[in-house]
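A, B, ... follow the sequence lines: proteins, then strands. Residue 1 opens every chain.
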Number of protein chains: 2
Amino acid sequence: MNISIGGLAGRTGAKVQTIRYYEQIALMPEPQRTHGGQRRYEAGAVKRLAFIRHARLLGFSLDQIRNLLDLADHPGRDCTSADSIAREHLGAVKAKIAALNSLKKELTRMVKTCSGTDAAHCLVIETLANHDLCSSANHGVVT
Amino acid sequence: MNISIGGLAGRTGAKVQTIRYYEQIALMPEPQRTHGGQRRYEAGAVKRLAFIRHARLLGFSLDQIRNLLDLADHPGRDCTSADSIAREHLGAVKAKIAALNSLKKELTRMVKTCSGTDAAHCLVIETLANHDLCSSANHGVVT
DNA sequence: TCTTGAACCTCTAGTCACTGTAGAGATTAA
DNA sequence: TTAATCTCTACAGTGACTAGAGGTTCAAGA
């Protein structure tokens with residue numbers, strides 16, 4: 001193996017800077033260096049980074065990923081906490097979907113009725129200015 | 001009127017620090033001050049801040065809100081751009097919902113089959129380690 | 001009028017997960 | 001050998017706030 005940081009980036013889809021960042025926050029271990037100071041990675045690094053990127057794509061936070069990696073590094077350990085991290089995240093995703101759906105409804109109502117004339121009679125602006133025109137108790141999402 | 005920053009916060013649900021932040025980025029105008037230097041707000045400030053908070057609840061960015069406020073300040077102007085800001089935002093919300101739904105599917109599959117034993121056979125960890133076990137082409141969301 | 005304590009002030013730094021830049025040095029292919 | 005490409009460190013910036021330190025002002029009660 002012994003690939004450069006660019007090679008690792010190419011293999012995993014992560015950016016070079018992102019890899020260095022992961023090393024900085026100790027999510028990736030410090031690799032060996034060449035005589036000239038450049039990083040050289042083993043096969044294990046590709047696996048680990050792929051794990052991280054995949055978990056990021058699924059929306060896990062780096063802190064959650066840190067815990068998941070810790071578990072992955074110790075195969076004998078009880079995996080209940082991995083399960084609960086995933087369940088917790090699933091719950092958050094579901095909540096976000098619900099909030100966004102209520103948002104969508106509101107926005108659709110706002111947009112549908114805009115006649116596109118002057119701002120004085122624009123429903124978009126009017127709705128925003130006047131909370132009563134809106135059914136939003138609280139969408140609970142700030143995107 | 002002539003209320004303090006705390007009074008304004010109480011009336012709108014914004015935090016005191018947030019109001020000062022909005023002033024700093026020129027989203028809220030600089031209010032009058034008491035002899036001792038404390039902020040005192042007129043009724044217009046309550047309206048404007050309510051507009052901002054409402055728009056934030058609906059997920060608009062501060063930049064979008066800046067544009068919307070500009071339109072609200074000029075009632076004679078054409079409101080097409082307000083409409084298009086709202087439409088654009090609606091599109092983003094819809095896209096996010098779609099991405100989160102595909103995420104939810106994936107996570108549900110991951111979580112459902114976890115037997116809760118040791119990490120060596122944990123599907124959560126296995127799925128993350130092995131991209132092939134996962135149907136995610138790209139969920140497109142990083143939450 | 002004086003005292004008290006809650007609310008206010010400014011300023012700075014931190015959050016999350018990166019991304020981008022500058023200027024210098026290392027490596028590789030022709 | 002030289003040019004092109006890659007990599008290095010260090011730091012600033014993103015969005016939308018939030019938190020804290022350390023000091024000042026205001027309004028209400030005695």
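- Counting non-hydrogen atoms under 4.0 angstrom, A:Ile25 reaches nothing in the nucleic acid.
- In this entry the distance linking CD of A:Gln17 with C1' of D:dG13 reads 13 Å, nearest Å.
- Taking atom CD1 of residue A:Ile52 and atom P of nucleotide C:dA17, one finds them 12 Å apart after rounding to whole Å.
- Listed pair A:Thr18 / C:dA17 fails the phosphate criterion, with no side-chain N or O lying under 4.0 Å from OP1 or OP2.
- Separating the OH atom of B:Tyr41 from the C1' atom of C:dC8 is a distance of 11 Å, rounded to the nearest angstrom.
- Distances shown here put a side-chain N or O of A:Arg33 below 4.0 Å from the OP1 or OP2 atom of D:dT9.
- Within the 4.0 Å cut-off from OP1 or OP2 of D:dC26, not a single side-chain nitrogen or oxygen of B:Arg39 is found.
- Remark: A:Tyr22 is in phosphate contact with C:dC18, judged by side-chain N or O atoms under 4.0 Å from OP1 or OP2.
- Without hydrogens or angle criteria, B:Gln64 side chain to B:Ser61 main chain gives a donor-acceptor distance under 3.5 Å.
- Comparing B:Thr34 and B:Lys15 by the nucleotide of DNA chain D that holds the closest heavy atom to each, the one mapping nearer the 5' end is B:Lys15.
- Regarding A:Ile65, its CD1 atom lies at a distance of 13 Å from the C1' atom of C:dC18, rounded to whole Å.
- Among all heavy-atom pairs drawn from A:Val124 and B:Leu68, the shortest one is CG1-CD2, 4.4 Å.
- Within 4.0 Å (heavy atoms only), A:Arg53 reaches sugar-phosphate atoms of the nucleic acid but no base atom.
- Here C:dG20 presents its C1' atom at 12 Å from CZ of A:Arg20, a figure rounded to the nearest Å.
- B:Arg48 places no side-chain N or O within donor-acceptor distance of the main-chain N or O of B:Ile52, the cut-off being under 3.5 Å.
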